Amino acid sequence: MTPEVTRRHYLDAMGITAWASRYQLPNALPTEACEWDETPPERTPPRERLQALLDDAPTPRSEPKAPSVNSPAPAPSSVRALLGQAPADKPPTEPMPVESVPVEAVPGSMPAVSAKPLQFSLSCVCIGQRWLSLHPGEITPQAQRLLANIWQAVGIAPDALSSVTLFKWPLMANTFAEDPLEEAREGLSAFMSGCASRQGWALERVLWWGEQPEDDSAADILSVLNIQQARSDTLELPIWQGVALEHLAKNGAAKRDLWPQLYALGQQWKTLNDLENDR
């Protein structure tokens, strides 16, 4: 084979005797045969013959591979160094100029700064696969009973309420965000879309039970919902806002003040049922 012939030529030019195997070990592959020139080599010093091989070496066509740690292959320059010759001079290569645009040159560009994401949780209850009831934090069993009693009082059966689904943001701890508010909005929208797709909800309205007098603990959630003109731009649904269930459970006057709105919701629910039954 050509690589074997070349190897033996290099060894012979360096004055190293080439050895060939005479016996085949058990379960070993046979030695590959190669054509060998029986003509005795020229009686020239090994150094001159090696120099001629280096000068006549063809340029490799394939891309050079990384040298192996176990069997390093000497490059021609290293062989020249062993022979006491100086390596061939290479013309210096000048780096290509790269045009860089400063940040100040781009109008309106600001460096991206990571910040802590918003932290909040929401309890979600779907009513009749139409209305989405949202509550800040994790809803308590007492608040769940109050919610079921409220809807039963306005004509909505308790079995129309789904089980509670808890949404926590951020999804992973110790994370950073470039735009915490926008990423929280996208996360909430994706979560609600996934719930609606998996459970077959056809959401028409959002009921937000988060208003607490003299308490702004749900301010971050209101920013995420992005309420504009009685509509949540994040969820792309109309939104109704009511007092938090925890506050209603302790304040009878708040229940009486909220009753007209709850009664109106019950009438709207009845109208929707009548339209669905007429179809």
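Everything numeric here is computed off the predicted structure, so don't read it as measured data.
The minimum heavy-atom distance linking Gln129 with Gln199 is given by the pair NE2-O, 3.8 Å. Nearest heavy-atom pair across Phe176 and Pro117 is CA-CD, 4.3 Å. Contact between Cys126 and Leu203 at its shortest, heavy atoms only, is SG-CD2, 4.0 Å. Taking all atoms of both residues into account, the shortest heavy-atom contact from Ile221 to Ser121 is CD1-O, 3.8 Å. Heavy-atom minimum distance, Glu204 versus Trp131: OE1-NE1, 4.5 Å. Shown here for Trp169 and Leu118, the closest heavy-atom pair between the two residues is CD1-O, 3.0 Å.
Other residues, nucleotides and ligands contribute at most 12 non-hydrogen atoms within 6.0 Å of the CD atom of Gln119. The environment of Glu138 atom CD is sparse: at most 12 non-hydrogen atoms of other residues, nucleotides or ligands sit within 6.0 angstrom.
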Checking Leu146 against Gln142 for the side chain to side chain contact (heavy atoms under 4.5 Å, CB included) test, could you report, in this order, the C-alpha distance in whole Å, the side-chain angles of both residues, the deciding distance, and whether it holds? CA-CA 6 Å; Leu146 177 60; Gln142 181 184 5; 5.8 Å; no

Pair Arg185-Asp179, side chain to side chain contact (heavy atoms under 4.5 Å, CB included): steps then yes or no: CA-CA 10 Å; Arg185 290 173 177 173; Asp179 191 345; over 6 Å; no

Could you walk me through whether Phe191 and Leu122 pass side chain to side chain contact (heavy atoms under 4.5 Å, CB included), step by step? CA-CA 11 Å; Phe191 176 79; Leu122 276 173; over 6 Å; no

Phe167 vs Leu188, side chain to side chain contact (heavy atoms under 4.5 Å, CB included): CA-CA, chis, key distance, verdict: CA-CA 8 Å; Phe167 172 73; Leu188 178 61; 3.8 Å; yes

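Screening Val224, Leu225, Leu237 for a side-chain contact (heavy atoms from CB on, under 4.5 Å) with Ser232, the sole residue that qualifies is Leu225. Of the candidates Thr234, Val206, Leu134, Val206 is the only one forming a side-chain contact (heavy atoms from CB on, under 4.5 Å) with Ile239.
Taking OG of Ser133 as the reference point, atom CG of Leu245 lies at 7.0 Å (rounded to 0.5 Å). Atom CD of Gln241 sits about 6.5 Å away from atom CG of Leu222, to the nearest 0.5 Å. We find the NZ-NE2 distance between Lys255 and His247 to be 11.0 Å, quoted to the nearest 0.5 Å. Note that the NZ atom of Lys270 and the CD1 atom of Ile156 stand 12.5 Å from one another [nearest 0.5 Å].
Looking only at side-chain heavy atoms (C-beta outward), Trp269 and Trp151 stay at 4.5 Å or farther from each other. Side-chain contact check for Val164 versus His135: every heavy-atom pair is 4.5 Å or farther apart. Contact check for Cys124 versus Met192: side-chain heavy atoms found under the 4.5 Å cut-off.
Hydrophobic clustering of Ile, Leu, Val, Met, Phe, Trp and Tyr side chains at less than 4.5 Å, counting indirect connections, keeps Leu166 apart from Leu161. Criterion: ILVMFWY side-chain heavy atoms under 4.5 Å apart, direct or through other members. Under it, Ile127 and Trp259 are part of a common hydrophobic cluster. A continuous path of ILVMFWY side-chain contacts below 4.5 Å connects Leu171 to Leu181, so both sit in one hydrophobic cluster.
Ser193 places a side-chain N or O within donor-acceptor distance of the main-chain N or O of Ser189, the cut-off being under 3.5 Å. Counting only distance, with no hydrogens or angles, the side chain of Arg231 and the backbone of Glu236 share a donor-acceptor pair below 3.5 Å.
With Phe120 as the aromatic partner, Lys168 does not meet the cation-pi criteria of under 6.0 angstrom to the ring centre and within 45 degrees of the ring axis.
The aromatic ring centroids of Trp209 and Trp240 lie less than 6.0 Å from each other.
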